Structures are given as C-alpha cells and as structure tokens.
Amino acid sequence: MDQIRTMQDNINKDNSFFTDWWDQINKPIFVSILSLIFIGLFISLTINQNDQYSNTSNIFSVFSSQAIYLIIGLALCFIISFFDSTKIRSITIILFSFFLILLFLTLIFGNEIKGSKRWIDLKYFTIMPIEIIKPFFCLLLAFILSNENGKNTIYPYILSFVIYLSISSILILQPDISQFILISAIYFSSIFLSGFSFIILISIIILGVISFLGIYLLNFNVQNRIKSFFSPDQYDVSQAELSLKAIKSGGLTGVGPGNGIIKEKIPEAESDYIFSVIAEEYGLFGCLMLLTIFFIIAYNSFKSVYNNNNHFIQISLFTLVVYFCLQALIHISVNIRLIPTTGITLPFISYGGSSILGMSITCGFIMMFSKKRHNR
C-alpha cells in the first residue's frame, strides 16, 4: 500500500513539474520556434543536396543529417527551457571559456575553406565554435553588466570590452567579418540596456567606425564584396542575380515544394541562399509566413523584457532576441540584394549543424527567460 502511494506521489510530482512548465512558458514563442524547426525539416527534404554536403544521389542524404541536428536541437531547446535562470552562471562561464578556446584553436588547427579558418575537424564531424559561443556571450555580458546592486562603475564595461575584443580579434584573423558584425551587435545591445553613459556610447561608435575602415582597407575579400555590391557590372555576381531571379519566379504562391528550377543553379542554395529557394517554391505567401514567425518571437520577447524587473534577465533576453532576429534579417537582406553577401545562415532553415545547435541554445534561453514567473 505504501509503495502504491509513493508511486502515485511521484506521478503527481512529474505531472505538476510539466504542468508548471506549460503554465509558465511563453506559448507564442514556443509555437513559433517549433514552427521554424518543422519548416527546416520540410525544406531539407524538398531541396536537392549540393555535392559539398553529399556524394550520393539520394535526396534523403541532406534531410537525414539535417534532421538529426534539428531533432537534437529541439531536445536541447526543451532541456534548457526547464533550467532555473538563477543557477546558470557557472555553466555559462565554463561553456563560454571552452568554446572560446576552440575558437582560438581555429587559427591553428582550423580547416581553411574559401580563405577562412572557421571550422575545427573532430574526425566524425566539424564544428564552427563561433556559432555555439554567441548565446553564452549574451549571458556572460548580462552577468557582467547587470546592475542589481545599484552600483554603476567603469570596471564592468572594461571587462566586457576585453571579452568582446578577444572574440572580435579572432574573428578578424580568421577572417569572418559577418560573425564579427553579429558579435558587435550583441555587445552594443548589452551596453545599450545596461544603463550606459553617452561617453561610453560615443566611444563605441567611434571605435566601430575605425574598426570598419581598418577591416575594409586590410581585407581584400571584404573590399571585393562591397565593390561587387555597388559595381555589379565589374564583378561576378551570378549568385545574387540567380537569387533575385528565383524570388521573382516564385510570384505569390510559388511553383510548389521541390519544383524549383533556379535553385539548382545556385551554388549555396542549402545555406546562404535558402530564403530565395523558399521564395521560388512557396512564393510571397511563404516568405510572409516566415517573416511573421520571426516577428512573433521578437514582439513577445521584447514584451517580456519590458515586463521584467530583473536586470540580468532583461539584458540576456534582449541581446539573445536581437542576435536571433538580426541574423535572420541579414540573411534575408543578402538574398534580396539589399546588402553584400555575408555567408550568414537563416535560423533553423539553412543547412549547418553548428548553426542549428547554436540557435537551439539561443531559443532555449529565450524560452527560459520569457516565462511568466519573470514578469513583474
């Protein structure tokens, strides 16, 4: 009899645990993230793989590997959403330090692809450390800059800048200017919400302008991308032109899943130009649906930031959602040729294991920080 009661108590505890999670979770954000993951699965099934990812003619080859990463990412997102926001400091510092070391090792042992060392080969798979480090960078900045005790000193800004500079220096040396821009956006967002002074803001702006000019003058790849954007007649911009052609051919409703023809001519349709594939096959309606999903995540996240009194959670959630949505915005802007080519992926949709895992960690934290219990 006692054993039956004990079993019943355990069942009730489990039920209350999941019930509490479901009551607390921000459901629009949760449903939107699930939608992006399932869209990523469906897109990976209907797009033909590139030889860069597979040497077989089986259309399921890319889907299977993409599906594995998305399923792992979904589980990771769920697990993180159960965490207690007050007990993640130690694990954030440990994981950030670990991936920062991996990021540095890319300069020594990294695989060079297209003139850049961004990946480390771990025999059975490759990893791009910067994709994993970004969500932990958001949290680490929040730990340093959050002003819980009412103190406002210069030391947190110095420490945060040193950390930012260490990551930025490695990215410039790789070089990976696109990720440098995202890291800079994360850093600026955290400073913006930390209660900054105008002196600090002006200093950051001046430093940013000087850094951009220095990168432009010293990096020929950046020069070529910017010059090709402003003078397309003098450079090979076939990828960008094919992307625009695919978007235009899609019209309002698209040509149907898997029926795209122009996508087969785009060299990086699975990753850098996946939005143009969506536009060709699903048309304007499909693109608007995707944009609406990102808008729902951004709106509800910013609403949670406004309704929160915890400065650490405010900075964390704000920087995470700025990074998440800015990456999507940059990817889409490249596809419709508003900005030069960057190589930035579309969250959960573009092919790439490191990107999916990094975005899963990001969305797990967004779900955790946007719970109702954190609202004032």
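Quick caveat, the model's predicted, so the values are computed rather than measured. The first residue in the sequence is number 1, and the count goes up from there.
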Strictly distance-based, threshold 3.5 Å: is any side-chain N or O of K27 a donor or acceptor partner for the main-chain N or O of W22? yes

Nearest 0.5 angstrom please: L141 CG to I315 CD1, how far? 8.5 Å

Answer with yes or no whether the hydrophobic clustering places L34 together with L346; edges join I, L, V, M, F, W, Y residues whose side-chain heavy atoms lie under 4.5 Å apart. yes

Keeping the roles fixed (side chain from D84, backbone from K87), state whether a donor-acceptor pair exists under 3.5 Å. no

List the atom of I293, the atom of S32, and the distance in Å for their closest heavy-atom pair. CG2-O, 3.5 Å

For residues L139 and L320, determine if any side-chain heavy atom of one lies less than 4.5 Å from a side-chain heavy atom of the other. yes

Sub-3.5 Å donor-acceptor pair from the side chain of S194 to the main-chain atoms of I191, do we have one? yes

Side chains of N26 and K303, heavy atoms from C-beta outward: is any pair under 4.5 Å? no

Kindly say whether D272 contributes a backbone atom to a donor-acceptor pair with the side chain of N335 at under 3.5 angstrom? yes

So do the side chains of S316 and F365 get within less than 4.5 Å of each other, counting heavy atoms only? no

Are any side-chain N or O atoms of S169 and backbone N or O atoms of S166, one a donor and one an acceptor, separated by less than 3.5 Å? no

Got Q66 and I43 here, is their nearest side-chain heavy-atom distance under 4.5 Å? no

F82-F18 aromatic ring centre distance below 6.0 Å: yes

Residues I313 and S85: closest non-hydrogen pair is CD1-OG, 3.9 Å

Min side-chain heavy-atom separation P175-F180 under 4.5 Å: no

State plainly whether one hydrophobic cluster holds both Y299 and V321, where clusters connect Ile, Leu, Val, Met, Phe, Trp and Tyr through side-chain heavy atoms under 4.5 angstrom apart. no

Looking at L36 and F324, what are the two nearest heavy atoms and their distance? CD1-CZ, 3.8 Å

Below 30° counts as parallel, above 60° as perpendicular, anything between as tilted: where do the rings of F161 and Y164 land? tilted

Can you check whether G258's main-chain N or O pairs, donor with acceptor, with E281's side chain at less than 3.5 Å? yes

What's the verdict on side-chain contact (heavy atoms from CB on, under 4.5 Å) for L182 and I330, showing C-alpha distance, side-chain angles and the deciding distance? CA-CA 10 Å; L182 282 174; I330 291 174; 4.0 Å; yes

Honestly curious: do L291 and I296 fall in one hydrophobic cluster under the side-chain, below-4.5 Å linking rule? no

Aromatic ring proximity F318/F369, centre distance under 6.0 Å: no

Tell me whether L252 is reachable from L244 by hopping between hydrophobic residues (I, L, V, M, F, W, Y) whose side-chain heavy atoms are closer than 4.5 Å. no

I want to know whether Y187 and F137 have ring centres closer than 6.0 Å. no

Do F312 and L159 sit in one hydrophobic cluster, given that two such residues count as connected whenever their side-chain heavy atoms are within less than 4.5 Å of each other, even indirectly? yes

Value rounded to 0.5 Å, distance of CG in L102 from OG in S97: 11.5 Å

Do other residues, nucleotides or ligands put more than 12 heavy atoms under 6.0 Å from F104 CZ? no

Could you check F96 against I167 for side-chain contact (heavy atoms from CB on, under 4.5 Å), going step by step and ending with a plain yes or no? CA-CA 11 Å; F96 175 83; I167 299 176; 3.8 Å; yes

Quick one: do the Y69 and S360 side chains pair a donor with an acceptor below 3.5 Å? no

Closest non-hydrogen atoms of H331 and I344, given as atom of the first, atom of the second and distance, are ND1-O, 2.8 Å

Steps toward side-chain contact (heavy atoms from CB on, under 4.5 Å) verdict (F348, L70): CA-CA 7 Å; F348 293 119; L70 285 168; 4.1 Å; yes

Does a side-chain heavy-atom distance below 4.5 Å link I361 with F136? yes

Do side-chain atoms of E131 reach the backbone of M359 as a donor and acceptor pair under 3.5 angstrom? no

Quick check against the 3.5 Å criterion: does E280 have a side-chain atom that pairs as donor or acceptor with the backbone of I261? yes

With no hydrogens and no angle check, do the side chains of Y351 and T345 hold a donor and an acceptor under 3.5 Å apart? no

Spacing of CD1 belonging to I186 relative to OH belonging to Y323, to within rounding of 0.5 Å: 6.5 Å

CD1 of I80 to CD1 of I91: how many Å apart, nearest 0.5 Å? 8.0 Å

For the pair H311 (side chain) and A142 (backbone), establish whether a donor and an acceptor sit closer than 3.5 Å, ignoring hydrogens and angles. no

Counting N and O atoms only, with roles assigned by atom type, does the side chain of Q24 sit under 3.5 Å from a partner on the main chain of K371, one being a donor and the other an acceptor? no

How far apart are the C-alpha atoms of L317 and I366, what are their side-chain angles, what is the distance that settles it, and do they pass the side-chain contact (heavy atoms from CB on, under 4.5 Å) test? CA-CA 6 Å; L317 186 54; I366 289 175; 4.0 Å; yes

To check you understand the geometry: which heavy-atom pair defines the closest contact between P28 and N300, and what is its length? CB-ND2, 3.6 Å

Nearest 0.5 angstrom please: T362 OG1 to K134 NZ, how far? 7.5 Å

If you take all heavy atoms of Q174 and T106, which pair is closest and at what distance? NE2-OG1, 2.9 Å

So, taking the atom named CD1 in I130 and the one named OG in S355, what distance separates them when rounded to the nearest 0.5 Å? 12.0 Å

Can you find a pair of side-chain heavy atoms, one from Y282 and one from C287, that are under 4.5 Å apart? no

Within the 4.5 Å heavy-atom criterion, are I247 and S243 side-chain neighbours or not? yes

